[in-house]
Amino acid sequence: MTTSTLVEPILRWYDEHARDLPWRRPDATPWSVLVSEFMLQQTPVARVLPVHEAWLARWPTPVALAAEPSGEAVRAWGRLGYPRRALRLHAAATAITEHHGGVVPDSYDDLLALPGVGDYTAAAVAAFAYGQRQVVLDTNVRRVLARTVTGTEFPARSVTRAERDLGAELLPADPPTAATWSVAVMELGALVCTADRPRCGGCPVTDACAWQQAGAPAYDGPPRPVQTYAGTDRQCRGRLLAVLRDTHGSVPKERLDAAWDDVPQRERALASLIADGLVAEQPDGRYALP
DNA sequence: TACACGTGGCC
DNA sequence: TGGCCAAGTGT
């Protein structure tokens, strides 16, 4: 397996098959890229598109978002899920306003220091918004590398040193090409080398793929954790927050009580929402977005 | 290192 | 039908 057997075909494939997404357009601002990365964390592109568009129309800059209460960000987040991301995006906008002159920072370290920005998002923004040479390892990239290079259907639970070394080894030397390569591998993972039922017939590197050459063996690693949802605290939190999101102003506690039957669970969920800063209890005892 | 954290679509 | 999955981060 040489670099060129993987990189060049995937770059050519991307040139022909890349989706036209708002945050990939030449006129997309770093803020647009940053917003997209927050929204895309654990969330499909199709659901992000309309919310991203409305978000950028309302808040074209981090300064504009930072000027509003965090609760407005939570409300505008709508039903994207994981609303703590909205809170963190608002906090990131505030930090950018206060510490970076309102400009999304371009260094990996400065990005990493922002709330809600971890290794993936810092590398992605540096690469996609600023054209830098960064190792971008998301779930798509990791799956593509696991199959094509390692010969396993799925990567390990967490990023390994070997993956990081491999990502660095494959990364083209030229920064703009490196950035394109990173988005190209992600796109291949999202559209072709999917977790379930990969479309190997449309893959530009199927002939070089270690997993294919090994006969596409079934995954035999440790069981991947199942996400339960019905009846969980997460679902309860979602129900409570939906009441506030869909209401202008504040609500009495009875409105929240009506949203979930299990009393101890409801109280626990409400307390956690308040602790997270997603819900504010007012002096009059009513509840509202922060 | 595991686990918590929303939501909806797919087969 | 319901298990599985979707551009992760924080603790």
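Reminder, nothing fancy here: chain letters follow the sequence lines and each chain counts from 1.
At a threshold of 4.0 angstrom between heavy atoms, the contacts of A:Leu80 include nucleobase atoms, whether or not backbone atoms are also involved. Contacts of A:Ala195 with the nucleic acid, taken as non-hydrogen atoms under 4.0 Å apart, involve only primed sugar atoms and P, OP1 or OP2.
Between the CD atom of A:Gln42 and the C1' atom of B:dG9 there is a distance of 15 Å, rounded to whole Å.
Remark: the separation of the C1' atoms in B:dT1 and C:dT9 is 15 Å, to the nearest Å.
Of the listed nucleotides (C:dG10, C:dA7, B:dG6), B:dG6 has the atom at the smallest distance from the side chain of A:Arg47.
A:Thr43 and A:Arg85 share a side-chain donor-acceptor pair at under 3.5 Å. Under the 3.5 Å distance criterion, with hydrogens and angles disregarded, no donor-acceptor pair is assigned to the side chains of A:Gln235 and A:Trp260.
Only at 4.0 angstrom or more do the heavy atoms of residues 255-278 of chain A sit from any atom of DNA chain C, so none qualifies.
Close to B:dA2, at under 4.0 Å from its OP1 or OP2, lies no side-chain N or O of A:Arg157.
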Just list the side-chain donor-acceptor pairs under 3.5 Å for residues 120-135 of chain A, sequence neighbours left out, or say none.
| residue | atom | partner | partner atom | Å |
| --- | --- | --- | --- | --- |
| A:Tyr120 | OH | A:Glu37 | OE1 | 2.8 |
| A:Thr121 | OG1 | A:Gln41 | NE2 | 3.1 |
| A:Tyr130 | OH | A:Val104 | O | 2.4 |
| A:Gln132 | OE1 | A:Gln134 | NE2 | 3.2 |
| A:Gln132 | NE2 | A:Asp106 | O | 2.5 |
| A:Arg133 | NE | A:Pro172 | O | 2.7 |
| A:Arg133 | NH2 | A:Leu171 | O | 3.0 |

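A:Lys253 has a carboxylate O that lies under 4.0 Å from a charged side-chain N of A:Asp257, or vice versa, which qualifies the two as a salt bridge. Using a 4.0 Å cut-off between charged side-chain N and carboxylate O, A:Arg88 and A:Asp276 make no salt bridge. In summary, A:Arg58 and A:Glu68 engage in a salt bridge, as defined by a charged side-chain N under 4.0 Å from a carboxylate O.
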